[in-house]
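The structure under discussion appears below in the form of C-alpha cells.
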Amino acid sequence: EMTIGFSQIGSESGWRAAETTLTKLQAEERGINLKFADAQQKQENQIKAVRSFIAQGVDAILLAPVVATGWDAVLEEAKDAEIPVVLLDRTVDARDDLYMTAVTSDLVHEGRVAGQWLTDSVAGKDCNVVELQGTTGSSPAIDRKNGFEQAIADHANLKIIRSQTGDFTRAKGKEVMESFIKAENGGRNICALYAHNDDMAVGAIQAIKEAGLKPGQDILVVSIDAVPDIFQAMAAGEANATVELTPNMAGPAFDVLEAFFKDGILPPKWIQTESKLFTQNDDPLKIYEEKKNLGY
Amino acid sequence: MNATSSEVLYRAEGVSKRFPGALVLDGVDFILRRGEVHALLGENGAGKSTLIKCLTGAYRRDGGTLLLDGESIDPRGTQEAQGLGIGTVYQEINLLPNLSVADNLFLGRQPRRFGLVSTAAMRRAARGILAGYGLDIDVAADLGSFSVAIQQLIAIARAVNLSGKVLILDEPTASLDAQEVGTLFAVVRDLRARGLGIVFITHFLDQVFEIADRITVLRNGRLVGSKPTAEMSRVELVTMMLGRALEQETHSRAPQPEISGAAVAEFKGFGKAGKIAPFDLTVRAGEVIGVAGLLGSGRTETAEVLFGVERADSGEARVGAKAVSLTSPRAAVAQGFGFCPEDRKTSGIIADLSLRENIALALQARRGWSRPLSRREQNALADRYIQALDIRTSDREKPVGLLSGGNQQKAILARWLALNPSFLILDEPTRGIDVGAHAEIIRLIEGLCAAGMSLLVISSELEELVVYSTRILVLRDRAHVAELTGSDLTPDQIVHAIAADGSGQAGA
Amino acid sequence: MKARFLPLAATLLIFLIAYAACYLQYPNMLSTRVVGNLLTDNAFLGIAAVGMTFVIISGGIDLSIGSVIAFTGVFLAVVLDSTAIHPLAAFVLVLAITTTFGGVMGAIIHYLEMPAFIVTLAGMFLARGMAYVLSVESVPIHHDFYGLLQGLYYRMPGGGRLTLIGGLMVAVFLAGILLAHRTRFGSYVFALGGGVPTARLMGVPVARTTIAIYALSGFLAGLAGIVFSLYTSAGYSLAAVGVELDAIAAVVIGGTLLTGGAGFVAGTLIGILIMGLIQTYIIFDGTLSSWWTKIVIGLLLFSFILLQKALVWASESDRAVLRRRLLRSKALR
Amino acid sequence: MIAAAQAALRRFVPQLIALATILALNALVFPGFFDIEFQNGRLYGSVVDVLNRGAPVALLAIGMTLVIATKGIDLSVGAVMAIAGAVVAATVAGGASLATALLFAAAAGIACGLWNGFLVAVLGMQPIVATLILMVAGRGIAQLITEGAILTFNHQGLIFIGSGAFAGLPMPVLIWLALGAAVTLAVRRSALGMLIEATGINRRASTLCGINSLVLLLAVYAVSGFCAAVAGVIIAADIKGADANNAGLWLELDAILAVVIGGTSLLGGRFSIVASLLGAMIIQSINTGILLSGFPPEFNLIIKAAIIVVILVMQSPAVQTLYDFLRSPSEVPTETPRQLPGEAEAPESLGRPQ
Ligand SMILES: Nc1ncnc2c1ncn2[C@@H]1O[C@H](COP(=O)(O)OP(=O)(O)OP(=O)(O)O)[C@@H](O)[C@H]1O
Ligand SMILES: Nc1ncnc2c1ncn2[C@@H]1O[C@H](COP(=O)(O)OP(=O)(O)OP(=O)(O)O)[C@@H](O)[C@H]1O
Ligand SMILES: [Mg+2]
Ligand SMILES: [Mg+2]
C-alpha cells in the first residue's frame with residue numbers, strides 16, 4: 001500500500017473543497033493511504049506539512065502550492081529523502097528537477113479563453129468591461145487578469161473601465177458590482193463583466209438583477225472555474241460563459257505516481273489540464289446535475 | 001513669609017493648578033526648611049495631594065515658581081524630581097503590585113554588573129533597607145502579595161532611600177497601626193537630624209503634635225496659614241482647617257448600654273479554612289460591634305466571610321429565624337447586609353462613573369436591572385448624601401476617581417447608606433477622612449444605630465472604636481479570641497486582649 | 001517554587017506530557033527531523049513572538065507583526081531584484097525601516113494616548129498596503145548570499161537539520177530573556193504593565209520605554225521577516241496573514257497575562273513549541289478534513305489553556321494557605 | 001432635558017464630523033454619490049449602499065460595544081456569522097420553515113456567545129484568547145455544516161431578509177436600525193447600561209455592590225453572539241447561500257474598529273451604541289468610497305489605513321485636549337502651555353475623556 005501526503009492550501013472556496021473531495025475519492029478507489037494536511041491558506045503551514053511528510057517517510061507528496069515562490073529549500077529536502085513531489089493546480093518557481101511533475105491548468109490561458117470568448121461574442125462592437133479580480137496578490141488573480149488582457153489587447157473596441165478586487169467571494173463580488181453599477185451610470189455604461197471566478201460572478205449577477213438590469217443580456221457575464229452554480233445561472237440565461245478548471249487534478253497525479261512506482265516511468269514535467277469553455281449552448285442543466293455532487 | 005533664606009530648603013511661590021471646572025490650588029506659597037518636619041493639613045479636598053503633585057512634577061502646575069536650595073527648578077516628572085533629591089510617597093500607594101519588593105525599591109536604579117541587573121546584590125540591598133523598618137520579608141516575592149500596611153512601609157522605605165534633600169509623605173500612616181507608626185517616626189526623626197526637609201500629610205492630629213515642627217494649613221485650595229507647632233493649639237488648628245470651630249472633636253465615651261434586643265443575624269461556627277477560624281456571632285438590632293486586632297489578624301477576612309465575598313466552608317448563618325446561605329455579596333445584599341470594603345481603590349470606587357452613579361449603584365443592583373432608578377431619584381439620592389456626608393465635589397456628575405481620597409471614601413459610605421441595610425459592615429470607614437468629617441461619621445454611626453441598624457466596624461483606631469462600640473471582638477492569628485463589653489471597652493483593655501497569648505485574656 | 005513561575009512550570013509540564021503522548025502514538029515524532037523542523041519551521045513566528053511578549057507584558061498589543069513580516073519579505077525581494085545592494089545592507093535597511101515603523105506606532109500610542117490595539121491595527125493595514133504597493137506578485141529571491149545562509153545547517157544524526165534560522169530563534173529567545181528579566185529596560189516593561197500612571201509616578205521614563213517597546217517589536221518583526229524570506233527565498237505580500245494571532249496565542253499559552261505586568265519570554269518559546277506540536281500532530285494524523293483541523297486546533301488550544309489554569313489553581317490554593325501563615329508570622333514579628 | 005439632549009449630541013460630534021468629511025470626500029471622487037432614485041419599489045443610490053453594506057459591521061458593533069464596555073473583546077463574531085449562516089441555510093435547505101430556521105440560527109449564535117461568556121466569566125480566561133478559540137474552531141464548525149461548499153438555497157422568505165426592501169429601505173438596513181434601537185433602549189431605559197459600565201470599570205467593586213457580574217457577562221457575550229447570528233443570516237440571505245469559508249472573515253476587526261471610532265474605550269466602561277453605529281457607517285463609507293473611486297485595489301488598504309489614522313488622531317484624547325485648549329484662550333494659563341500631550345495626568349483606569 002502506498003502512503004501519499006497531500007498538502008492542500010485550505011478550504012477557501014467551493015472549488016477547492018471539490019478538489020479535496022475528489023482527491024480523497026481517487027485515493028480511496030486506488031487503495032492509497034492519503035495523509036491530508038490543510039494549511040489554512042498559509043505557505044508556512046504547507047512547508048511544515050511537507051517537512052512532516054518527509055519526517056514520516058511517506059512514499060510521495062502532492063502539493064497544491066499557495067504561491068509560486070519559496071519552495072526550493074523544502075523541495076530540495078524532499079529530493080534528498082528521495083520522495084517524489086507532484087504539484088497540483090499551480091506550478092512553482094523552482095528548478096524543475098526538484099519535482100516530478102505538475103498537474104495544472106494554465107491560469108493565463110484560462111484568462112485568454114475568457115477574453116477570446118468575449119471578443120468573439122461582441123464581434124467588433126464597442127464594449128466596456130468591468131473586472132472582478134481575485135484576492136489581491138494571489139497568482140490566479142494575477143494570471144487570469146494577464147491572460148484576459150492579452151486576449152483583448154488587439155481589440156480596441158474592448159476596454160476595461162473598472163477593475164477592483166472581489167476577494168474571490170460572492171459577497172464581495174456582489175458589493176463591488178453594486179458600486180460598479182452606481183459608478184457607471186446605473187450600469188448603462190457596462191457591456192460585460194469578467195470575473196476571476198464563478199463565485200464572484202454569481203454575486204455580481206444578483207447585484208445586476210437588483211439594479212433592474214438583465215444579466216446575460218444587458219451585461220454579458222464571463223467567468224472561470226465552472227462550478228455548479230454558474231451552470232444554473234447559465235441555464236437561466238443570466239451568465240454567458242465559464243472556463244472550466246477541473247477539480248480532478250489528483251487523478252492524473254496518481255496515475256503518474258502509480259506508473260512511476262510500478263514501471264519506473266518518468267512523466268513529462270507538465271501535465272496540463274484542459275481549460276474548456278462552456279456556454280449557454282452546452283446544456284448547462286445537465287452539467288449542473290453532473291457536477292452538483294462533487295463536493296463543490 | 002518670615003523665613004530667613006539660609007535655612008530654606010524648598011520654596012514654592014504662588015502655585016496654582018486648575019482642573020476642568022475647578023481651580024484646585026490658588027496661588028499657594030509653601031516653605032520647607034532644612035531639618036524640619038512640616039505638616040501639611042486641611043480638609044478632604046483642600047488640595048494637599050494636588051500641591052504635593054505640583055511640587056514633585058507629577059502634575060504640571062498652571063502657575064508659580066519652585067526653588068530648591070535657592071535655585072529655580074521645574075521638574076517635568078517624578079523621575080526628574082527624584083534626580084533632584086525629592087522622594088515622595090503619594091496618597092494611594094504608588095508601587096507596582098506585579099513587581100517584586102526589591103524591584104519596587106530599586107526600579108530604575110538597580111545595581112548592575114556588565115550591564116545586567118545584579119539580582120543578588122539588589123536583594124541584599126533591599127533586605128538591608130527594609131531591616132531598618134523592622135521588616136523581614138521575602139524581597140523576591142511580588143509586592144501585591146503583601147498587606148496594604150506592609151506595602152505602605154515599602155513605599156516609605158523607597159521614598160526615604162531616594163530622597164537626598166526632601167521627603168514627602170502623603171497620609172503614610174493611614175493604614176499603619178501604632179507600632180509601625182512608631183517605627184516610621186523613628187526613621188523620620190533620624191532624617192530630620194540629618195538635615196532633610198520632610199513634608200507630612202495626615203488627618204491624625206495626635207501624630208501632628210507628636211512629630212511636626214511646623215504646620216501649614218490649606219483650605220479650598222488656598223493657604224490659610226503656616227506656624228510652628230509649638231505656637232498652635234489643637235482647637236486653633238481645627239478651626240483653621242475647617243474655617244469654623246468643631247463642637248466636639250475629642251473622643252469622649254458615653255457609656256453604651258448593652259443591647260439585648262432581637263437577633264438580626266446569627267452566625268454559628270462560621271469560618272473558612274485558611275482565612276478565618278470558625279466563630280460564633282450574634283448581631284442584635286441597633287448595636288455596634290467593634291472589631292480590633294493587629295494587621296493580618298483576620299479582621300477583613302471576618303468581614304468578607306460574613307458578606308459572602310469569601311464563601312464560608314463551615315457553620316451556618318441565620319437571618320431573622322431562617323437559615324440563609326451567603327454565597328455571594330449579592331446573596332448577602334438580598335439579606336439586607338451591606339459592606340464598605342477596606343481598599344477603596346480596588347474594591348470600592350468605580351472610578352470612571354460619576355459620583356451620582358457610584359452612590360446609586362448598590363441600591364440599583366438590589367432593585368435589579370429591570371427597575372431602574374430614574375435620573376431624578378438618583379439625583380435626589382446623590383444630593384442628599386453629598387450634603388449629609390459633606391462630600392466636596394464641583395458637581396455630582398464628576399467621575400468619582402477625580403475626587404480627593406477622603407471624599408471617595410465618603411462616596412462609598414454613601415452608597416451603602418443609600419441601601420439602608422439592616423446590618424452594615426464597615427472596614428476601616430474613617431481611613432483618610434478629615435477631623436470634621438470624622439466627627440460627622442461617628443455621629444452618623446450613632447444615629448444609624450439609634451434608628452435600629454446594626455453595624456460591624458473594623459478600625460485600627462482604638463480610641464474611635466470604643467466611642468461607638470457596644471462590644472468589641474478581638475482577633476488574633478485569624479481567630480476570634482475575645483469579646484469585650486461594658487467597662488472593658490477601653491483602648492488599654494483592647495491592647496491587653498490583643499497582646500495576651502492564648503490564655504487569660506480579658507472578657508469572653 | 002516562586003509563585004510567579006507557576007504558569008511557566010505548568011506550561012513546560014504540559015508540553016512534555018503532550019510530547020510524550022504524541023511520541024507514544026507516532027514514535028517518529030521524536031526523530032531529529034521533527035525536532036529540527038519544530039525549530040526551523042517556527043523560527044519566524046518565535047522571533048516575532050518575542051517582540052509580542054514584550055509588548056504584551058507592557059500591557060499593549062501589536063497586531064502589525066504579520067503585515068510587517070510580509071512587508072519585509074517583499075521589500076527585500078524587490079530591492080535584491082532591482083538593485084545591486086548586498087543582502088546584508090538590505091537587511092540593515094529593512095530593519096531600520098521596521099524599527100522606525102514600530103517606534104512611530106509607540107510614539108502615537110504614547111503621545112496621542114490611543115489604544116495600542118487600534119494603532120497597531122492601522123499599522124497592520126498600512127504595512128500590508130505598502131507590501132502590495134511594492135509588488136502584488138510574489139517575487140523570488142535568487143542571491144548567492146541567500147543560498148549561503150540557507151546552506152548553513154548542522155545535520156543531526158537521523159537526518160534532522162539544525163538550521164541557521166532555528167539557531168537564530170533560540171539566540172533571540174536567550175537575548176529576550178536577558179533583556180526582560182535582567183535589565184532596567186526589562187523592569188520598566190513590567191512596570192508599565194503594572195499600570196502606566198503608577199509607573200510614571202515611580203519615575204519610569206514612560207515615553208521612552210513605550211517607544212522602545214514597539215520599536216523592539218518592529219525590529220523583531222523585521223528580523224522575523226528576514227528569517228521568513230530566508231525560509232521561503234521569496235517576498236510575498238499575502239504572506240504571514242494572521243501571524244499576530246498565532247503569536248498572541250503562543251505568548252498567552254506561555255503564561256504571560258494579556259492584561260500585562262506578568263510573563264516570561266521563556267514561556268513564549270514553550271508556547272511556540274506547543275503550537276508547533278499541535279500542527280505536527282495533526283499532520284502526522286493526516287485524517288482530519290479542513291474543518292476538523294480548525295476545530296481540533298481550537299479544542300487543543302482550549303484544553304492547553306484550561307489545563308494550565310487548573311494546574312495553577314491547584315497549586316495556588318495550597319500556596320495561599322502557606323503564604324498567609326508566613327505573612328502573618330512575619331508581619332507580627 | 002434639553003441640556004441632556006445637547007450633552008448627548010455633543011458626545012457624537014467627533015463621529016458626525018468624521019462621517020460628514022468622508023461622505024464629502026466620496027462626493028468629490030464620485031460626484032453622483034448623493035443621488036438617490038426610487039426604483040423597483042426601493043431607494044437606490046450609493047448612500048443607501050453604505051447603509052446596506054454596512055449592516056453586518058453595524059450589527060456586530062452593537063454586541064461588540066457591550067462586550068468591550070465590560071472590558072472584554074469578542075474575536076469570534078466573524079466565525080459565529082459563518083455558523084449562523086450555515087445553520088440557517090442547512091435548515092431551510094432541509095425543508096424547515098423560515099421561522100424554525102431563524103430560530104435555529106439565533107440559538108446557535110446565542111449558544112456561541114454563552115460559550116464565550118462561560119470561558120470569560122466562569123473560567124476567568126482572558127477575553128482575547130477565550131474568543132480566539134471560537135474564532136478558530138467556529139469557522140471549522142461552520143464548514144463542517146456546509147462541508148466546505150457554498151450551501152445555496154432558494155427560500156424566497158429568507159432571500160427577502162437579505163435583499164428585499166420594506167418601505168423603500170433594504171431589509172438589512174431596517175434590521176440593524178431596529179436592533180440598534182432595541183438594544184440601546186434596553187440598556188438605557190433599564191439599569192443594564194450602568195451595571196455593564198460599572199462591571200467593565202471595576203469588576204471586583206461591582207460584585208461587592210451586589211451586581212451579578214457573572215450573569216451580566218454571560219448575557220453580554222450572548223447578545224454579541226446573537227448580533228453576529230443576525231449578521232450571518234443577513235449575508236447568507238444576501239447571496240442566497242452560506243459561504244462558511246468567507247462569511248464574516250476578518251469582520252471582527254472592523255467591528256472593533258467601529259466601536260473604537262465610536263469612542264468607547266477598549267479598557268471598558270462608558271459606551272455608546274449609537275456612536276458605534278456611526279463608527280460602522282464611517283468604515284463602510286470609506287469602503288464604498290474606495291470602490292467608487294476606481295483606484296487600483298493595491299491601494300485599498302493604504303487608503304483605508306490612512307483615513308482611519310487621521311480619524312483616530314483627531315479623536316485622540318491628546319488632540320482633543322489641544323483643541324479645547326486652542327478654543328478657550330480665556331482659560332489659558334499665563335505661562336507657556338504646560339499640559340503637554342502624554343503628560344496629562346489621570347489616575348489609573350481614568351485614561352479616557354468624556
Ligand atoms: N484629576 C483631577 N481632575 C479634576 N479634579 C481633581 C483632579 N484631582 C483632584 N481634583 C480635585 O481637586 C481637589 C483637591 O484634591 P486633593 O486630592 O488635592 O485633596 P486632598 O487635600 O489631598 O484631600 P484628601 O485629604 O481627601 O486626600 C478635590 O476637590 C478634587 O476633586
Ligand atoms: N497573602 C495574601 N495574598 C493576597 N492578598 C492578601 C494576602 N494577605 C493579605 N491580603 C489582603 O490584604 C488585606 C489586609 O489583610 P490582612 O490579612 O492584613 O487582614 P486584616 O486583619 O484585615 O488586617 P488590616 O485590615 O488591618 O489590614 C486584605 O484585603 C487581604 O485580602
Ligand atoms: Mg489627598
Ligand atoms: Mg483589613
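For the numbers below, each heavy atom of this structure counts, side chains included, while hydrogens, waters and symmetry mates do not. A, B, ... follow the sequence lines: proteins, then strands. Residue 1 opens every chain.
The CE atom of D:Met314 sits 11.0 Å away from atom CG of C:Leu112, with the distance rounded to the nearest 0.5 Å. One finds the CG atom of D:Leu123 at 8.0 Å from the NZ atom of C:Lys309 (value rounded to the nearest 0.5 Å). In this structure, CD in D:Glu298 is found 9.5 Å from OG in C:Ser135, a value given to the nearest 0.5 Å. One finds the CD1 atom of C:Ile295 at 14.0 Å from the CD1 atom of D:Ile133 (value rounded to the nearest 0.5 Å).
When all heavy atoms of C:Gly298 and D:Val136 are compared, the pair lying nearest together is N-CG1, 4.2 Å.
Contact tally against chain D (heavy-atom pairs below 4.5 Å) for C:Tyr132, C:Phe302, C:Phe117: the top residue is C:Phe302. Heavy-atom pairs under 4.5 Å with chain D peak, among C:Ile108, C:Ile118, C:Val136, at C:Ile118. Ranking D:Lys71, D:Glu147, D:Lys304 against chain C, the residue ahead of the rest is D:Glu147, based on heavy-atom pairs under 4.5 Å. Interface summary for chain C: among D:Ile256, D:Val309, D:Val319, D:Leu134, the most heavy-atom pairs under 4.5 angstrom belong to D:Ile256.
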Report the C-alpha separation of C:Phe125 and D:Ile303 in whole Å, then their side-chain angles, then the decisive distance to 0.1 Å, and conclude whether the side-chain contact (heavy atoms from CB on, under 4.5 Å) test is met. CA-CA 9 Å; C:Phe125 291 154; D:Ile303 298 171; over 6 Å; no
Check step by step if side-chain contact (heavy atoms from CB on, under 4.5 Å) holds for D:Ser316 and C:Met114. CA-CA 6 Å; D:Ser316 74; C:Met114 280 160 57; 3.5 Å; yes
Might you work through the side-chain contact (heavy atoms from CB on, under 4.5 Å) test for D:Leu301 and C:Leu126, ending with a clear yes or no? CA-CA 6 Å; D:Leu301 275 178; C:Leu126 204 66; over 6 Å; no
For a side-chain contact (heavy atoms from CB on, under 4.5 Å) check, start with the C-alpha distance between C:Lys294 and D:Ile141, then their side-chain angles and the critical distance, and finish with the verdict. CA-CA 8 Å; C:Lys294 292 194 176 85; D:Ile141 295 172; over 6 Å; no
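Interface remark: D:Met125 contributes backbone and side-chain atoms alike to the contact with chain C (heavy atom separation under 4.5 Å). Interface residue D:Leu119: only side-chain heavy atoms are found under 4.5 Å from chain C. Both the backbone and the side chain of D:Val313 come within less than 4.5 Å of a heavy atom in chain C. Both the backbone and the side chain of C:Ala122 have a heavy atom closer than 4.5 Å to some heavy atom of chain D.
With contacts defined as side-chain heavy-atom distances shorter than 4.5 Å, the pair D:Leu253/C:Met124 qualifies. Residues D:Trp250 and C:Val241 have side chains in contact (heavy-atom distance under 4.5 Å, counting atoms from C-beta outward). At least one side-chain heavy atom of C:Ile61 sits under 4.5 Å from a side-chain heavy atom of D:Ile128.
With sequence neighbours left out, D:Asp74 forms a side-chain hydrogen bond (donor to acceptor under 3.5 Å, both in side chains) with D:Ser76, D:Ser224.
Of the possible donor and acceptor atoms, one in the side chain of D:Gln126 sits under 3.5 Å from a partner among the backbone N and O of C:Leu258.
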